[in-house]
Structures are given as structure tokens and as C-alpha cells.
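Letters A, B, ... are given to chains in the order of the sequence lines, protein chains preceding strands, and every chain is numbered from 1. Computed from a predicted structure; not experimentally measured.
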Amino acid sequence: MKGAIGARSLIRARTPRAAAEHRIPPSVFGWRDVLSESLAGMLQRPARSALTALGTVLGVGTFVAILGLTATASAQIDTRFNALSATEVSIEDVAHEQDEFAGLAFPADADARIGRLHGVEHAGVYWPVRLDPDTPVRSSPVGDGSTGTQSGIDVVAASPGVFAAAGTRLAEGRVYDAYASDQAAPVAVIGAGVAERLGITTLETHPAIFIGSRPFTVTGIVSATDRKADLLLSVVVPRTTAERIWGAPESGGAKMLVSTRLGAATQIAHEAATALRPDHPAYFKVVPPPDPRALRTGVGDDLSRLFLLLAAICLVIGAVGIANTTLVAVLERTGEIGLRRALGARGRHITVQFLAESAALGTLGGLVGTSLGVLTVVTVAAIRDWTPVIHPATAATAPAIGLLTGLLAGLYPAWRAARVEPAEALRR
Amino acid sequence: MTAASAPVIEFRGVGLTYPGPPPVAALRPCELTIERGEFVAVVGPSGSGKSTFLNIAGLLDGPTSGTYLLDGIDTGALRDADRTALRGRRIGFVFQSFHLLPQRSAVENVTLAMVYNGAPRRDRVPLARRALERVGLGHRIDALPTRLSGGERQRVAIARALVARPSLLLCDEPTGNLDTANAESVLALLEELHADGMTVLVITHDPLVAARAERTVAIRDGVLSDGPEMPETPNTPETPSSEAVA
Ligand SMILES: Nc1ncnc2c1ncn2[C@@H]1O[C@H](COP(=O)(O)OP(=O)(O)OP(=O)(O)O)[C@@H](O)[C@H]1O
Ligand SMILES: [Mg+2]
């Protein structure tokens, strides 16, 4: 009791104690309380929360759907493209750029030289034969001369390897072989389109064609190719035959088509020029398959950009919606703010609470939007029989965008809430 | 234990003038001491400055003059954050309009009083339940305020004010919104709390409520005077309860 009296007399002597001396434990607002208060604030008004989050749902949903669909579609293009393009090397004759009088750069045994490289499946040299445009091409025996004679038909000189490298399939007959090629035999393989134009329907009658006045025996009709679809509209003759009749190709006209095993193309592209002409590797320009990474089409086309813009607009609308609702809630809950202040909440605790509430609303919108977006992508992919592709970054960022939207939207209302005067608020 | 023996409220020339314009002297500088365990009624007509007085006593508003010691602590020397912490820990508020959160159950409303003063989360519900039992609502702890009668709501509000064990219970017109029967039950509860040693300060304009308190302070036109209806002779506060506390 003595100590107590002493203390009282101290106070009477006007030496009030400082705060530190009394060690008033500060007010706190633990993170679990922040979480549960903000969730409670959101869940206790479910209908309003749902409506408020709608804008964010639409914005984030559109965002995910657009990016997902773009990724899915371009992955689809990639796989189709990859299978053929990743196994194709093309070699161009650029000898004339080095030496005006170089002539045909591809040696006679070009197919065999490239064929020896590891990973090569097939290879062949070809060039378009330069003819007078009026050179008639006709078939024989001719049933009807007026339909059997055509001009302006492309003639291609090709070594036998071209057919295999192009993945040629025949409707009838066979392609000429190395022997025929070596002998410079007057044989030809014609595309289905040419056969139709010349009125050739079958090889049973042993049809021949005349290019100008020179006869060629038709050994096969091409019905389809994987590469070099122009073969379907051409007359193809052995390169040796073409060289003998029409001479070497015009400079730069000759090319080589190489089909490779998957994964070997880059290495082959590297070695091809030296393998062909160890003396003049610079006579060739080798075109390797395109880098698959360069193929991955981004959000390139205008329509995707438009939709992304729409998604951004939805997000802005969503943010305004959240801001508006939160602001209304602040005004509406002035009494609650006053009460919390009376219960020991600091201004910043009120700020944190309202910020957390709007962030929770935004995150909810983001999560629902992400789910809807993913669902859209999966559905569209299922209908189109595609493999749905959503970049992990997209799926991870989307809810975060919702969160950010909510946070931004909550800044002003939360700031307002903290400035509510407790005495004023409790008067209501 | 200095705080236990210092007066709960000590006003030294405390006054508040709202800046205006025009400036309103809502509470003229006054002296007042309320000892631990007292049951005091503050009476006065409407607009006389009762709520102003309560806001100062409850640290919701700072006085424009004088020194206010709460539990012996000079509240004017405190930083805002410390004043807030002091308010949360030492003062329990009971409002005329209850100020319960309508979407939360009785027990959730009571636990709200423990969010900001660092009570461990797992202790909160048991403490809240005990406080509700204390005010006679042990059977309705999960009810929403909208399902409770006015008297029951005010009891929930009192339980919330009690649960953090404040040194001072401040009630602003606690029976203002209640009918006679409900008002009576709330008053009986306040008397009971006082009998248990709680310091209770009730603001009212109802003479019947004031009659239940053991001491009355009157305010008229911002002038505070001890004892009912005697504004001219402010007597020094008697200190009857220092023994009662010990
Ligand atoms: N924020 C303020 N600014 C200016 N004047 C104010 C403010 N708050 C209150 N007043 C004035 O101070 C005086 C006292 O107000 P107070 O609210 O304390 O009265 P009261 O006794 O509680 O009245 P009631 O019984 O009606 O609640 C009144 O004249 C009021 O108009
Ligand atoms: Mg009032």
C-alpha cells in the first residue's frame, strides 16, 4: 500500500508517466486476422461480392482464353510444320555469284555424295528446264489432236533421288531409276495435272509424250507429294537427259532437295557444301530447316491483339467496379470503422483491412476467370481435336493480375477508410 | 501496481472547443476524478456536451486544453499509436446503437474486441463465450444480432466491452434505444458489473438511469459539475472507493 500511495503522490506532483514507462503493448493486426477479416468481409455479402468480381472474371478470363487459344493454335501449326520442315534441307547453286563461268555446280554424283552423309534419307538435284514458252507438249498415241497438244507446261530436270526426297506417290507406273538416268534415257514422269491436260489416263497403252519434237516414254504418273507439290504440274525428265538435250541449267537455277532423319538436318546443312564440292564449298547456299523457336508464333495477329485489348478494358471496368463497391462499403461501414477504431485498431489497420478485402475480391475474380479461361481453351481444343496448350506463366500470372487489380482498386477507398474520424463515425 | 491505485480518470482543466467556425466550447475546462470501482452517471440535456465528454474520456478525441490522465498515464503525451493501443486495452465502449456487425454471430462480435490487442486466436472464442455467459447470453452465442432483442443486443455489446478486461466501461446512452423491461435488464447487468469491481461510467439524459448510479456528474452547456443539478458549486471529488478497491 505504501508504494501505491507513493505513486499517487508522484502523480499529484504533476510528473505524469511517459508512455514508454508504462509499456503499452501496441495494437496489432496479425496476418491471419487480416486474412479472416477480409474473407469474412467478402463472404458475408456473397451476391454483392460475385457481382463486384464479375468485371475481373471477364477480364482475366478473356486474357487466359486468348493467350491459351493462341498458344494452342500455334503449337498445332508447329507440330504440323515441324514434321516436314525439320527434316528438310535445301541446297542452292550460287556458283555464278563466285565465278561467272562456273557452270553447274552440282557434280554428276551429287545424290551419292550427299547420301553418304549421316542422317540423310534421300537427296536429289533438280532444275527447271528453260524452254521456249511456245514449245508444244503433246501425247502419243493421240486420240484427239486438239486436246492432246498443250504449251506452257513446265519441264523439270531431276535426278532420281528427287522423287524419294519429295515423298512422291504414284498413281501408276514407277519413277525412272538410276540406270535410266545414267543412260540419259528419254523417259519422263508426269504429274497427275499434266496427265489430265494431255489426256493421258492410263499407262497400259504405253503413251509417249513429245516435248517439241523429242519423244519421251512416260514411266509413271505422280498422284501426290509431301514436298515440292509443283511436281504434280510438271513433266520430269532425268537430269542427264535434260543436260544432253537442252544443256546446263541457267545459272542459279539448280537446287538440291535433301530429306533427313529427325534431328539430323542441322548437322547435314553444316556438312553438305563440303561434301558436294570439297574444292568449292562456297558454290552452294545451304538452307537449313527453320529454328523451331523462331516458329513459335506469339500474339501476332490483329484479332488476338484486339481481344487482349478487350481483356484489358474488362480489367479496367473490373477495377472500377471493385473500387466503386469498396468505396460504397467504406461509406456504408463507417460505423464499423468507428467501432474497430474504438476497439484499438489503428488507421493503418483499417487501410490494410479494406485493401485486403478488395485484393481478395480481385483474386477471387482472377481465380474464377482463370478457370473459365482454361475451360474455354480446353473446350475449343477438344472440339477442334487439338492439344490444349496453356503456358504455365499465363496460368500463374492470371490470378496475380486479379490480385493486382483488386489492390489498385482498393487504394483510394482504403485510404478514405483510414481517414474516418472515430468519434465522427460512432456518432451515427 | 501503480495503475491499480491511480484514479481511473483524472481530468486536470480538461476542455474541448470545436474549432468551428464558429468555435463551439463543447466542454469547458473542468476538474474530475473517478476512482477505481466507481459507478458514475453523467447527465445533462441534449447538446450539453455529454458525448464530447465521453469521446475525451474514451480517447476518441483529444482535449484542446488541460491534461487527462487515464490509469495515471498522461494521455496527451502519448503518440497517436499508443493512445489507440491504450484505448483498445483499457477502455470498453457500450454505445446507444450497439454497433454490432449484423452479419456476424454474437460470439464473433465479441471476439472482434480481441483482434487488435494481441489475444492469441485460440483463446478468443472461449473468452468470448465466458463473457457472453457472464451477461446471461450463454445460450445464444451463435445467434445473429438481427435475431436478438434490443436488450440482448446491448448485452452482446457489453460482453464485447468486457471481454478484453478494460479498466473502464464507458456507456453512451446504453438504454436509449430500449424499452423499459430491456433497459432494466441492462441496468441490472451494469450494477452487477459494478458490484464485481468494474469502473462504470454511464452517459444518460434519463434521471431514472442516473438514480441507479452511486455518483452523478452533471453537464450543462459544456460546464461539468459534480453532483446533480448544481452547476454553480463544483465540489472537489470525494474519494469513497479507495478502500472498496483494496
Ligand atoms: N464536430 C463538431 N463540430 C462542432 N460542434 C460540435 C461537434 N460535435 C458536437 N458539437 C457541438 O458540441 C455541443 C455538444 O455536443 P454533444 O454531442 O457532446 O452533446 P450531447 O450532450 O451528447 O447531446 P445528445 O444528448 O443530444 O447526444 C453541441 O452544441 C454540438 O452541436
Ligand atoms: Mg450524445
Exercise. Under the 3.5 angstrom rule, does the side chain of A:Arg427 hit a backbone N or O of B:Ser51 as a donor-acceptor pair?
Worked result: no

Seminar exercise, completed: Between the CZ atom in B:Phe98 and the CG atom in A:Leu339, the distance rounded to the nearest 0.5 Å is 13.5 Å

Problem set entry | Considering all heavy atoms, the nearest A:Ser27-B:Ala85 contact | OG-CA, 3.3 Å

For this session: Would you check if the side chain of B:Arg89 reaches a backbone N or O of A:Pro26 as a donor-acceptor pair within less than 3.5 Å?
Result: yes

Exercise. Is there side-chain contact between A:Glu37 and B:Leu112, with at least one heavy-atom pair below 4.5 Å?
Worked result: yes

Seminar exercise, completed: From the list B:Gln103, B:Arg83, B:Met114, B:Gln96, the residue making the most non-hydrogen contacts under 4.5 Å with chain A is B:Gln103

Exercise. From B:Thr84 OG1 over to A:Ile24 CD1, what is the distance, rounded to the nearest 0.5 angstrom?
Worked result: 10.5 Å

For this session: Step through the shown structure and confirm whether more than 12 heavy atoms of other residues, nucleotides or ligands are within 6.0 Å of CZ on B:Arg28.
Result: no

Exercise. Quick one: CD on A:Glu424 to CG on B:Asn55, what's the gap to the nearest 0.5 Å?
Worked result: 9.0 Å

Problem set entry | Straight-line distance of A:Arg340 CZ to B:His99 NE2, nearest 0.5 Å | 13.0 Å

Problem set entry | Parallel, tilted or perpendicular: ring planes of B:Tyr116 versus A:Phe29, cut at 30 and 60 degrees | tilted

Exercise. Got a second to check how far A:Asp33's CG is from B:Arg124's CZ, nearest 0.5 Å?
Worked result: 4.0 Å

Seminar exercise, completed: When the 4.5 angstrom heavy-atom criterion is applied to A:Arg333 and chain B, the contacting part is neither

Problem set entry | More than 12 heavy atoms from other groups under 6.0 Å of CZ on B:Arg165 | no

For this session: Would you mind checking which part of A:Arg348 comes under 4.5 Å of any heavy atom in chain B, side chain (CB onward), backbone (N, CA, C, O), both or neither?
Result: neither

For this session: State, to 0.1 Å, how close B:Phe95 and A:Ala342 come at their nearest heavy-atom pair, and which atoms those are.
Result: CZ-CB, 4.2 Å

Seminar exercise, completed: So CG of B:Leu101 and CD of A:Gln44: to nearest 0.5 Å the spacing works out to 7.5 Å

